[in-house]
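Structure, as structure tokens:
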Number of protein chains: 2
Amino acid sequence: MTKVRAIGHRIPMDSAADPRVLVVDDDPALAEVVARYLRREGFEVDYAADGATGLQRALSTLPDLVVLDLMMPGMDGFEVCRRLRRATAVPVVMLTARGEENDRIAGLDLGADDYVTKPFSPRELAARVRAVLRRAAAEAAPAPLLTGGGVEVDTVAHRVSRRGAPVTLTTKEYDLLVCFLTSPGRAFRREELLETVWGWSIGDTSTVTVHVRRLREKIEDDASAPRHLTTVRGVGYRWEP
Amino acid sequence: MTKVRAIGHRIPMDSAADPRVLVVDDDPALAEVVARYLRREGFEVDYAADGATGLQRALSTLPDLVVLDLMMPGMDGFEVCRRLRRATAVPVVMLTARGEENDRIAGLDLGADDYVTKPFSPRELAARVRAVLRRAAAEAAPAPLLTGGGVEVDTVAHRVSRRGAPVTLTTKEYDLLVCFLTSPGRAFRREELLETVWGWSIGDTSTVTVHVRRLREKIEDDASAPRHLTTVRGVGYRWEP
DNA sequence: TCCGAGACTTTCGCATACCGTAAGAATCGT
DNA sequence: ACGATTCTTACGGTATGCGAAAGTCTCGGA
């Protein structure tokens, strides 16, 4: 995972309950419309009528997302967003007036995840809210990792690390490692590896030997006394977790 | 395209033809004025004189947008809008009498995308119609806001900036960047990019190489030592946030 | 309709990292 | 101790990615 989310942010997908949205707007009529629509769309909606209240509510209830009006008396949307960002990573959707280009840019700078320009339809807002939540969930979802013996392989990012430290492998080394990690403890014959990793049905098995050696050099503490990628004499190699 | 729209709703931007608008109003004189103006503004206009007919027509012809009078004998605008929403996602612009605040709220609540209070100028209505169509098209677009590594992409405005400074990208460069930013950290094979961005199943992958290079030239501090758009040797490229 | 600018694609040469082979050294099992 | 197996190292060929530039394509203006 690349980005660390701040403490306390609930991830909607993880919970069975509906995603909770906090709407902060000084126009009660608008907020009411928005809230009703969002509720019908399956969100649990809370409401605050000004910036200070909204901030406090957000920090205490930790909603899944905050809909934030930009122009408010007292503490405006900018300020709320900024303070919110200090403590949490809760996604924010800004409501801005049409054509406030500068405000939009500044809003992005402050870490708003999306913006909707007034006038907007509740349907549009709901769509944006859903999209942002989807993105946030995807971002928080950890990448599937192959692990074993202090080695981690992120097959999505195509990245390898050993005790947290990044390791650069060549294609063949990578394929070999993945092969071993998907079947830890299993002994692979050289011919088998040649078939699986190289796609050869016949060939010089010393090729495997050399690549295993190179792989050991990168992921073992002591390549001449391997503890994970061990030799099975007369057969081939095996990964010890 | 990431989002599936409700059945049968044409997306105006996708079609070369003029957007089709259905006007539903029980006042033929008013409808005639509106229709004529909208036609001159480049819309294809259909007309229905009452709610029931309008609903049926909307469901059968699937226009790009419906202009709906609120007060009608028989089935009123509320009811039409509600039933329309059950089956389609077609945008709706409501025509309401002045000062009917409750109606306005209820209309939006039912999923209307905008409202115009009577009396209105045809010009104003046309402007609203265009705005709603634009929004509807934007709503169908993928993740509206993408950021990572100091680069910001506004997919709504189709605009890219780096540390706040605007950057102009060509189409392919833009598509590439969007592709990377929607899956940061993920390693893309060249063939994959060729498939996703170019739509080719086979082709010369050096095309990707060259475009990636150009993209680096524009968004990296030092294109020869890329920090975000990195090469994954033997595989392709990856975006580091 | 023709032309030109910009965008896109293809080609080519270069530098480098990678791969496979071979040959000698070391190690293991008996 | 001895043969078989594995390890280690070195080296040349090759694939890969990069950079530059020439060759197409497309679209808008004259």
Side-chain angles (χ1 to χ4, degrees), chain A residues 158 160 166-177 179-180 187-240, chain B residues 16 158 160 167-180 187-239:
Chain A
H158 216 272
V160 180
V167 175
T168 55
L169 299 183
T170 71
T171 310
K172 287 285 182 287
E173 288 160 4
Y174 179 89
D175 291 346
L176 260 180
L177 181 58
C179 184
F180 284 118
F188 290 90
R189 285 175 297 107
R190 284 186 176 67
E191 294 76 13
E192 217 173 333
L193 294 167
L194 214 53
E195 171 73 41
T196 308
V197 175
W198 276 263
W200 299 350
S201 44
I202 52 153
D204 187 354
T205 55
S206 68
T207 295
V208 177
T209 309
V210 172
H211 279 272
V212 166
R213 149 93 186 123
R214 288 180 183 143
L215 182 54
R216 279 171 172 167
E217 204 72 55
K218 293 183 179 177
I219 61 169
E220 292 278 4
D221 286 324
D222 181 2
S224 53
R227 299 187 53 231
H228 300 299
L229 187 40
T230 57
T231 302
V232 183
R233 209 176 168 77
V235 182
Y237 302 95
R238 176 178 49 207
W239 180 266
E240 316 269 1
Chain B
H158 214 270
V160 180
V167 176
T168 55
L169 299 183
T170 70
T171 311
K172 288 285 182 288
E173 288 160 3
Y174 179 87
D175 290 346
L176 260 179
L177 182 58
V178 167
C179 183
F180 283 118
F188 290 90
R189 284 176 296 105
R190 285 187 172 65
E191 295 76 15
E192 220 172 331
L193 293 167
L194 214 52
E195 171 73 40
T196 307
V197 175
W198 278 262
W200 299 349
S201 43
I202 52 152
D204 189 353
T205 54
S206 66
T207 297
V208 178
T209 309
V210 174
H211 280 270
V212 165
R213 172 179 131 54
R214 295 217 183 95
L215 184 54
R216 280 172 173 167
E217 208 73 55
K218 293 183 180 177
I219 61 171
E220 290 278 3
D221 287 324
D222 181 2
S224 54
R227 299 187 54 231
H228 298 300
L229 189 39
T230 57
T231 302
V232 184
R233 202 160 219 288
V235 181
Y237 301 95
R238 176 177 48 205
W239 180 267

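First the proteins, then the strands, lettered A, B, ... as listed; each starts at 1. Treat the numbers as computed from the prediction; the structure is a model and nothing was measured.
Each end of the helix from C:dT1-D:dA30 to C:dT30-D:dA1 yields a helix axis from five base pairs, and these two axes differ in direction by 30° (to the nearest 10 degrees).
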Check the pair B:Arg214 / B:His211 against side chain to side chain contact (heavy atoms under 4.5 Å, CB included), numbers first and verdict last. CA-CA 5 Å; B:Arg214 295 217 183 95; B:His211 280 270; 4.1 Å; yes
Candidate pair A:Asp175 and A:Trp198, rule side chain to side chain contact (heavy atoms under 4.5 Å, CB included), full reasoning: CA-CA 9 Å; A:Asp175 291 346; A:Trp198 276 263; over 6 Å; no
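Distance check: B:Arg189 CZ to B:Leu194 CG gives 11.0 Å after rounding to the nearest 0.5 Å. One distance of note links OG of A:Ser224 with CZ of A:Arg213; it measures 7.5 Å at 0.5 Å rounding. Rounding to the nearest 0.5 Å places OG1 of B:Thr170 at 8.5 Å from CG of B:Leu176.
Taking for each of A:Arg213 and A:Gly236 the nucleotide of DNA chain D with the nearest heavy atom, the 5'-most of the two is the partner of A:Gly236.
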Sugar-phosphate atoms are those with a prime plus P, OP1 and OP2; base atoms are the rest. Using that split, label each nucleotide of nucleotides 18-23 of chain C B, S or - for protein heavy atoms under 4.0 Å, 5' to 3'. SBBBB-
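Tested against B:Glu173 for a side chain to side chain contact (heavy atoms under 4.5 Å, CB included), the candidates B:Val167, B:Leu215, B:Ile219 yield a single pass: B:Leu215.
Evaluation of the salt bridge (Lys or Arg N to Asp or Glu O under 4.0 Å) rule for B:Glu220 yields no partner, not counting sequence neighbours. Residues forming a side chain to side chain contact (heavy atoms under 4.5 Å, CB included) with B:Thr231 (at least two apart in sequence, or on another chain): B:Arg216, B:Tyr237. Partners of A:Phe188 under the ring pair (Phe, Tyr, Trp, His ring centres under 6.0 Å) rule, at least two apart in sequence or in another chain, are A:Phe180.
For DNA chain D, the contact window with chain A, defined by any atom under 4.0 Å from a protein heavy atom, covers D:dA4 to D:dA10 in 5' to 3' order.
Across all strands shown, A:Val235 has heavy atoms under 4.0 Å from sugar-phosphate atoms exclusively, and none from any base.
The closest donor-acceptor contact from the side chain of B:Lys218 to the backbone of B:Thr168 lies under 3.5 Å.
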